[in-house]
Every structure is written in C-alpha cells, then in structure tokens.
Colleague: 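Have a look at this one.
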Amino acid sequence: MKEFSKSYDPKRVEDKWYQFWIEKGYFHADENSPKTPFSIVIPPPNVTGSLHLGHALNNTLQDILIRWKRMDGYNSLWLPGTDHAGIATQNVVEKQLKAEGTDRHTLGRDAFVKRVWQWKEEYGGRIIHQLKRLGASCDWERERFTMDEGLSKAVREVFVRLYEEGLIYKGDYIINWCPRCRTALSDLEVEHEETHGKLYYIRYPLKERKKSIIVATTRPETMLGDTAVAVHPEDKRYKGLVDKNVLLPIAERLIPVITDSFVDQEFGTGAVKVTPAHDSDDFEIGLRHNLPALKVMDEDGRMNNEAGKYKGQDRFECRENLLRDLRAGGYIEKIEDYTHSVGHCYRCMTAVEPYLSKQWFVRMKDLARPAIEAVREGKIRLIPKGWENSYFDWMLKIKDWCISRQIWWGHRIPAWHCEDCGGITVDRVAPVECRHCKSNNIKQEEDVLDTWFSSSLWPFSTLGWPEDTKELRTFYPTTALVTSFDIIFFWVARMIMMGLKFMGDVPFRDAYIHALVRDSEGQKMSKSKENIIDPLVMIDKYGTDSFRFTLTAFASQGRDIRFSEERVEGYKHFCNKIWNASRFVFMNIPEDFRPQTPDSRLLTLPNRWILSRLNHVIREVRKSLEDYRFNETASSIYQFIWHEFCDWYLEMAKPALSGDGKEKEETLNCLTHILDISLRLLHPFMPFITEEIWQYLPDRNSESITIAEFPEEISDYSNPRAEEEMSVLTAAIIGIRNIRGEMNISPSLELNALIRTKEDRTNEILQRNLLYIEKLARAHDIRIGKDIQKPRMSATTVSEGMEIYVPMEEILNVDSERSRLKKDLEKLEKDMALLSKKLTNEDFLSKAPKEVVNKDRTKYSTLAEKVKRLKDSIEKLKLMEKEAAL
RNA sequence: GGGCGGAUAGCUCAGCCGGGAGAGCGCUGCCCUUACAAGGCAGAUGUCACAGGUUCGAUCCCUGUUCCGCCUACCA
C-alpha cells in the first residue's frame, strides 16, 4: 500500500488536482464532439467582485451539474466569464482617482476608460482565481468578458436592430436619477426602503381672496418647481377654487388649480402640488394638462438657478432652509410623522431623485409577450415552479426599460447626433455622415448602455453571435441556468426576451433558482453589518470539499440559507470518515490485487446487502439530481457512506478479511467496487478528496475520476431478500447492544447471549450469520433457538420476531432492568392504544385503502406480541425477586 | 396597496402524491473494540405557530389569526 496518512489534509491535494485537470484539458468542451451537449453559462460575476457565499453556492451547484453530466457522457460545457459592471466598476476607479486628488473629468473620457481597463487587467481576475479554488470546472479557454470585442459587437447589433424596429426610442421622461453616480437608473436598480419621514402640509394662498389651499408633500423642496395644484374633479371642497390661480409661496409665482381624476381625495387634503419635472405622476398630469416642467435641481442633487435663493444648496439642505422660511411666512399648516418608501441607488444607496431627462428606452411589451408564452408553454421551466408566478406578474406589468447611463465605463450607445439637422443616426459602425442631411457634423452619443443590456445577451453573445458559429449551433439553447432569485427580473427575464428575439429560441431549458445565503441569524450579509463569511476562509479552514458539501446540503428548494460554520465542520468530519474508510480498504488490498466486479449471486449476506443498498443509493442520487434536489442527493450519499457502508458493512467485512479464501476475495472485490462507485457518485460534490482517493484504486479504467463514468443502476444488485435478512440480523445485534448500553456494560466486556426466535426462518438467518452477531455485538457462546428458556438473572430485549437474553448473574440490577422494561412497555402500549382506536373505527376499516388497513393490522399484532412478551419478562422479574427474598 | 414564502427537537434545517415526526450539530451514559476520539455504541428531547374546516385519518389540503422575511406598486 502506498503512503496513506491517518487523516485527510485538503491542503495537500487540492491545488495538485486542479492543476492536473487543467493540464489534461478535461474542462474543455469540443464544439465538434458528437456527444449530446449539456451547457451552462455562468451568471457572470461583477469584475469588481470577490467571491462571497452566494457565488460559492451558485457555482458549486453549477459545478455539480456540469461534473455529473460530464461523467455521464455528455459534451459538457460550462462557460465562464465576468461582467463589466458599469456603475460599480466606475465607482471603484473613481474612488482611486479621488484618493489621488483627481477625478475622471480632469482625466477626460478616453484616459479614464483606459484607466478602467488597466484596473480590470490588474485586479479584475480575482474572482476567477477564487472560482478555481472552489473547484469550478469551467471551460477557461472560453472565458468571456461583457466588454470583449465580440460581445460588444453583439451589443451594437442588438441595439441597431431594436432601434430600426422602433423598439428602442429616445425621449424626455421622468427617470430615477442617482445624484451621486450622476446617472439614470432603471426601475429595477432602485431599492425601496421604508423610511420614517414627515408629511408637510403647506398653505398656498389664493391671489384674489384671503382663502388658501393646503397641499401635502414629503419632499417640500420640489415645490419650487410646482406648476399647478391638482384636485379631484368631483371634490366638492375645492369646487370654487378650480381654475383659479394660487400663489406659490417663497417662489412668488402664480400657478393654476386644475382637476385630475388621478388625485386621491382621501389622501392628505385632497389637493396635490404638481411638479412635472420631479415626480413621475406629476409628469403625467403635466402632459395631460400641458403644464410646463420646471427643473429646480442639477444633476448632482443641488438646487439650480430656478430655486432662487436656494441655488447651490443640496436638496436636503434646501429642504431644511425652505421649511424654515415657510414656517416664518406662516405657510406651514402642520407636519405629520409619515412612513413611506424611499428609493435608493442600488450601487451607492444614495436617495434617488425622480428627474426629468432625455434618455434611451426599450419598448418592452412586445418583447415580453413571447417570453411569457415560453414559460407558460413549458419551453422554459423555472425551478422551483413557484417563481413562475412572480415572473408572470412582473412580465405582464412590464414597463419600458431605461437603458442609457450617464457614465463612461460601458458600451457606448451606437447613435450619432447631427449638429446641423438634429437627426439621429444609429449604426453598427461609426458613420461618416448624418443619415438624414448628409452632414459630416455628427457626434456620438455620450451615454453608455445599462450593464444588464449586455448581460441579457450573454447566452448567445458568448457563443459567438452575431456570427453563425459552430459553438452556437452546438450549445444554444443552453441546458440549464443556475441563479439566485434576486436577479430574475434583472437578468433571467431579459435573457429570455432577448434570446427569443434574436435567436428565435429560448436561452435555456431549465432555470434553477436557488436561495439567498444569509448569516446564521438570518441577516443578509453585508459589509456594513460585518457579518460577511468569506468562502476562502472556510476553504482554508475546512477544505473545499466540506465547504461545497455544506452548501449543497443546505440547498433545499424554497428557503433562504442560514449559513453555519458548525455545519462545515461536520462535513469536514465526513471527509475524514471517507478518508479513513478508504484507508481501511487499502490496508486490506494485497499488493497485486486485481479487483473483479462482484457477482451478485455467490456472496455473503453483508456483501449481497451492501450491493443492494449501493444500487438503491445510485437510484436516489440520479433521481434527486434530475430534480435539482441537491440537498436530498447530499443526504442520500452521506447516509449511505457513513451509516450503511462504514457503520455496518465495514464492520461486517472484517471477519471475512481476517480469514482466507473465497469469502475474503469476494469481500475485497465488494469493498473496492463500493468504494469506487461511492467516490464516483460523490465526485461532483467533493471533487478533490474523491480524485485523491480514487487514484489509489487498483485497476481504474480512466486516468481521472473527472472523466470516469457516473454510476448507473445495476438492477442485478437489487436484493430485497438480503435487505430483509439483514434487518433480522441487525435487530439481533442492536438488541444486544441495547442491553449493553442501557446497563452501562463496558464494550471491553464480552457478553453471553441467548436468542429465542419465534419462527424457523428467523432462527435460520441468525444461525447462518452467528459470526456477525458475535463480532458486532461483542458476544460469545450465543445460543439461538425456538425453545430457548430465559435464564434467571438476565436482562431482556424484545424485538420483532425474537427475544434476547443476556445473563448477568449477580451483576443484574433488578430495579434498573425493571424500569427499562417498563419504559419500553409504556411506549409500546401507547402506540398500541392508538392503533386499536383506529382499527375499531368502522369508517376507517371501510374507507381507508386496503393496504393501509392491512399494514396497521400487522403492526398491531406485532406490537401486541411484543407487549405480551415484555409483560412476561416483567412477571419473571417479579418471580425472581420473590424467590430471592425467600 | 397587491403578492409570495416561512413558523417542525436546545440550535440549523429536511419532510416530493394526506396513513410511521426525521437528519446534522448539541446534550447524557459507556468506551482509545487493530480505518477513523474529526471516532464507536447506546440514550433523552416535539401541542409540527394559533383557531376553525374538509377527511375514516391532517405537519401536509382549505379558511382565518398572529409573528418573521422577501418581492412589487403612481402611499402626494
């Protein structure tokens, strides 16, 4: 046997094998392969990002699928890459510049973009390295970046086509504006948060009379841009005021009172100030009534010229000053506490300002329709299915998508404005003249596209689109997408729309949506909360395999994950268990051993049993993987390896191994075979330890477990009879152990035991497997038979079909034996009472399915028999006590 | 405002089609039994949030309530 350390040390094996796999090119998918393709595109992490638990879960699950399918004979492609993450990346570099005492405007656009590229080359690959430590078997030769030339070409192509079809337009609308990032945001990029604010009631006096109208607002500073006050047309309170002018306080401007049925009479005073340039509802009202839109803020959230004396003040600073002035002028009617939700920029958490500006939009309705259909018709499955509802909800109410961003890092919009005629020319390559007036005086649009615009093309842009490539034809549509629910709308929905539009087919068949990883308190992890658990720390501490297995075991459908480090430690123990079980196997394999696949016929009971269980676990693993029930797979394998293979089988294999001849050879074959198959089953979950151990196996038929075959069921191995016999055998062993345990008898003390059987078959099974009982229960001189009599001074266990006596002579503590038996008896009698109630119920007997009734009847009679024998035992104890007293 | 999900052992969570309430960790007792003390064997622990309903039978299906979390919305 080769060197095999006493415990598993991940550090010594992980890098070595990852290196080996890369060198051998196992992760590379061949677009010309005749094998059935199985493809996944990675949700591209932000190039600024570093691996967090969410990534770790996401990529572990993808790796499981990919490794499984690769082993299962598919042409398995996992396409990796990163996302340029416009705002986030720009922010990072801007922060650097600030530290250097400069900014992007000083640098200029070209120099700035160059600088970001530099940053990307230097630091951008971090997360990729981290994915490798996770064991991710991505096809690194195909790594993509959303700003690659090829992907940029796809972006331009899509933009031009959508524009030409009228699905992209430019116009003045209210958008979400982040005054810190100084850019527009889409609706999705705004995070709403409940905020305790105030509702200010402000009096707007009428010009002519002494009356006034009171409006309520949460953002008083916007009143400087009011161009009307609106009331509901049927609101009797304001009948006389409609069409009159009111004097806007402070600004000293006259604005009209108008009617619009949008106004809710119940809210506030039923009168609304209308600020078309700073509120989306007001903007709509403004359009309906032809109101001017007056912007009172600049792009950085400071008040502009229109704000008069507040010019240059920050919007919140202005709010305070304005309120003071209003109060001084007697314009404040009242101020109420008010809780409402305020939008924040999802990148910098600054309060977003609804802001009128000229932006580019994608018309969504027509794109959404087929995307809804695709899911409805089952061309795409969202798993778990529950997500389909929110998908439909959002898609049915979809609004146009604001895609222009006022930043520099990103795909610059391929549109050129004519300085002469004002026309727009949109093209794939830079035009030399205006399409409308032929002027050469044209300038490219300054804005770049929303990062999610390029991400939405990811499943086909990464495969070479718009070229008609072999890769596209082979791997599109991709088979599965694995992602987290928080980007269903951002990304999943948009990929579906774009895929259908430009490829004429869905981008993926299955979208598996997994949960969010939280900390052990259920809090979302965030830097500010300082509750971040770093995956790399976990990996260093416990090894990649235990970490991956933990995530997998947690990945049940439908609930958020509360990560706990103790669990990782538990699975580290599991790794060690696997390691030592393997160590045991290798200790027993002779140097020149050539394993044979075990024959299902000639074997000992433990051998037949473990093969049957093996077959069972293979079935479970395959089934649960097909269904994306990763946690179930994890628990099946865990259960099999630890509790069936290690706890029972290895112990039972020991007698055969210490012997010689046929049984030993069979057992060696079984051991090797089970280990081999278990490792292969486990490999997608624990790639490193399985490879390390697998390489010790004699006679492997592949140079790496990565490309070994994934186990398939062997129905020959299924053996219900062996399983049943085994359950009789284990019942006897457990019975004896139970006495030992409950009577606190040291394991080093060998017991003597008698087993009284009820039936010949039980008798025969136990006789035939006597050796195992002796060995596993640490007992000797065991006598088995139908007419065994209970010895005096013995402890008893009653189990199904047998009674077990352990003679204890003077060491028997009668009191504790009696309380033991009584405790068992109580439990059984309770169960029996419940069953009896059921079985005397006419309705149950007539209406419940026959199988259920029969099952309960059998159960009842078994219980009744056990109860009877327990009572006998207790009687005998009493008798014994009496005798002793005499 | 609308919608979704959760509430099961001390902790973290499984429990797919209604018929035995489970795992891991922790806890208690006995043990270094020649693969593993990162281990073995044995053991204790539950009004399956609450109240109704459907059913022969409900942790599971229906209705309502409470608490927690999330998503979504034109709550001035």
Side-chain angles (χ1 to χ4, degrees), chain A residues 4 6-8 174 187 192 199-200 215-219 222 230 262-264 267-275 279-285 338-341 354 386-387 389-390 393-394 397 485-486 488-489 516 518 520 522 524 553-554 556-564 566-567 569-588 624 627 629 631-632 635 638-639 646-647 650-651 654 658 734 737-750 775-778 831 835 838 841-849 851-853 855-856 859:
Chain A
F4 213 88
K6 212 174 163 181
S7 63
Y8 174 59
I174 295 280
D187 296 340
H192 293 274
L199 188 59
Y200 304 92
V215 298
T217 181
T218 53
R219 291 154 63 218
T222 62
F262 162 80
V263 178
D264 176 3
F267 192 90
T269 59
V272 187
K273 61 190 273 307
V274 181
T275 325
D279 184 280
S280 64
D281 299 326
D282 294 7
F283 179 75
E284 297 293 326
I285 297 177
Y338 187 64
T339 304
H340 61 137
S341 78
W387 291 110
N389 272 335
S390 21
D393 258 18
W394 190 74
K397 290 190 297 190
F485 68 82
D486 52 342
I488 292 183
F489 308 137
L516 226 56
R518 300 171 180 281
S520 57
K524 211 165 167 169
F554 267 128
S556 66
Q557 295 184 1
R559 198 200 278 216
D560 280 351
I561 295 169
R562 292 191 188 201
F563 191 84
S564 82
E566 293 79 60
R567 205 63 189 263
E569 198 182 358
Y571 290 122
K572 184 188 170 192
H573 297 173
F574 181 44
C575 285
N576 201 49
K577 189 75 179 174
I578 296 166
W579 184 259
N580 278 292
S582 309
R583 186 161 168 264
F584 173 77
V585 173
F586 294 127
M587 278 172 62
N588 282 284
S624 52
D627 295 343
R629 297 182 178 277
N631 61 317
E632 289 182 10
S635 98
Y638 185 94
Q639 193 66 26
C646 293
D647 287 351
L650 287 188
E651 293 309 318
K654 283 174 185 174
S658 67
I734 289 170
R737 283 174 172 178
N738 182 286
I739 290 172
R740 183 193 293 277
E742 298 206 330
M743 301 306 250
N744 281 349
I745 302 167
S746 159
S748 55
L749 195 76
E750 285 225 331
K775 192 83 181 156
L776 273 74
R778 298 185 68 76
D831 289 351
L835 270 176
K838 232 170 145 181
N841 182 343
E842 277 307 317
D843 284 327
F844 174 70
L845 296 175
S846 58
K847 288 178 183 163
E851 311 90 79
V852 175
V853 177
K855 213 170 111 190
D856 281 352
K859 218 187 285 175

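These numbers were taken from a predicted model, which means no experiment stands behind them.
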Colleague: Name the nucleic acid region contacted by A/Ser280, choosing base, sugar-phosphate or nothing; use a 4.0 angstrom heavy-atom cut-off, strictly under.
Modeller: nothing

Colleague: Pick base, sugar-phosphate or nothing for A/Thr217, based on heavy-atom distances below 4.0 Å to the nucleic acid.
Modeller: sugar-phosphate

Colleague: Is there a side-chain polar atom (N or O) of A/Lys6 under 4.0 Å from OP1 or OP2 of B/rC36?
Modeller: yes

Colleague: Of all residues at least two apart in sequence or in a different chain, which pass the salt bridge (charged side-chain N to carboxylate O under 4.0 Å, His left out) check with A/Lys838?
Modeller: A/Asp856

Colleague: Give the rounded distance in Å between these two atoms: NZ of A/Lys859 and C1' of B/rG19.
Modeller: 8 Å

Colleague: Could you go over nucleotides 66-68 of chain B and give all protein N or O partners under 3.5 Å, atom names and distances?
Modeller:
none

Colleague: Any side-chain N or O of A/Lys577 under 4.0 Å from OP1/OP2 of B/rG40?
Modeller: yes

Colleague: Once side chain to side chain donor-acceptor pair (under 3.5 Å) is applied, do any residues pair with A/Asp393, and if so which ones, sequence neighbours excluded?
Modeller: none

Colleague: How are the rings of A/Tyr571 and A/Tyr638 set to each other: parallel, tilted or perpendicular (split at 30° and 60°)?
Modeller: perpendicular

Colleague: Just jot down the side chain to side chain contact (heavy atoms under 4.5 Å, CB included) partners of A/Asn841, sequence neighbours excluded, or say none.
Modeller: A/Asp843, A/Phe844

Colleague: Just call it for A/Ser341: base, sugar-phosphate, or nothing, with non-hydrogen atoms closer than 4.0 Å on any strand.
Modeller: base

Colleague: Return the set of residues passing side chain to side chain donor-acceptor pair (under 3.5 Å) with A/Arg219 (not counting sequence neighbours), or none when no residue passes.
Modeller: A/Glu353

Colleague: Quick one: A/Asn841 CG to B/rU55 C1', roughly how many Å, whole number?
Modeller: 12 Å

Colleague: Measure from CZ on A/Arg629 to P on B/rG15 and round the result to the nearest Å.
Modeller: 7 Å

Colleague: Show the distances under 3.5 angstrom between N or O atoms of the protein and N or O atoms of nucleotides 3-6 of chain B.
Modeller:
from, atom 1, to, atom 2, distance (Å)
B/rG6, O3', A/Arg559, NH2, 3.4

Colleague: Pairing of RNA chain B as dot-bracket, 5' to 3': ( ) intra-strand, [ ] crossing, | other strand, . unpaired, with Watson-Crick or G-U pairs under 3.5 Å?
Modeller: (((((((..((((.....[..)))).(((((.......))))).....(((((..]....))))))))))))....

Colleague: Do the ring planes of A/Phe489 and A/Trp394 sit parallel (below 30°), tilted (30 to 60°) or perpendicular (above 60°)?
Modeller: parallel

Colleague: Rounded off to whole Å, could you give me the CG-to-C1' distance for the A/Asp486 and B/rG69 pair?
Modeller: 14 Å

Colleague: What is the nucleic acid contact for A/Val585, judged by heavy atoms within less than 4.0 Å: base, sugar-phosphate only, or nothing?
Modeller: nothing

Colleague: Roughly how many Å is it from CZ in A/Arg583 to C1' in B/rA37, rounded to a whole number?
Modeller: 14 Å

Colleague: With sequence neighbours left out, write down each residue that passes side chain to side chain contact (heavy atoms under 4.5 Å, CB included) with A/Glu632, or none if nothing qualifies.
Modeller: A/Ser624, A/Arg629

Colleague: Grab the CD-P distance between A/Gln557 and B/rG15 for me, whole Å please.
Modeller: 8 Å

Colleague: Are A/Asn738 and B/rG43 close enough that a side-chain N or O sits under 4.0 Å from OP1 or OP2?
Modeller: yes

Colleague: So does A/Ser635 get a side-chain nitrogen or oxygen closer than 4.0 Å to the phosphate oxygens (OP1/OP2) of B/rA14?
Modeller: no

Colleague: Taking only residues two or more places apart in sequence or in another chain, which ones pass side chain to side chain donor-acceptor pair (under 3.5 Å) with A/Thr222?
Modeller: A/Lys273

Colleague: What is the nucleic acid contact for A/Cys646, judged by heavy atoms within less than 4.0 Å: base, sugar-phosphate only, or nothing?
Modeller: base

Colleague: Strictly under 4.0 angstrom, non-hydrogen atoms only: write out the protein contact profile of nucleotides 28-33 of chain B, one letter per nucleotide from the 5' end, B, S or -.
Modeller: -SSS-B

Colleague: Classify the nucleic acid contact of A/Asp279 as base, sugar-phosphate or nothing, counting any heavy atom under 4.0 Å across all strands shown.
Modeller: nothing

Colleague: For A/Trp387 and A/Phe485, take the angle between the two ring planes, folded into 0 to 90°, and tell me which bin it lands in: parallel under 30, tilted 30 to 60, perpendicular over 60.
Modeller: parallel

Colleague: Not counting sequence neighbours, which residues clear side chain to side chain contact (heavy atoms under 4.5 Å, CB included) with A/Phe584? List them please.
Modeller: A/Asn588, A/Leu650, A/Lys654, A/Leu657

Colleague: Could you list the protein-to-nucleotides 21-24 of chain B atom pairs, N/O on both sides, closer than 3.5 Å?
Modeller:
from, atom 1, to, atom 2, distance (Å)
B/rG24, OP1, A/His643, NE2, 3.4

Colleague: Could you state the atom-to-atom distance from CZ of A/Phe844 to C1' of B/rC56 in whole Å?
Modeller: 7 Å

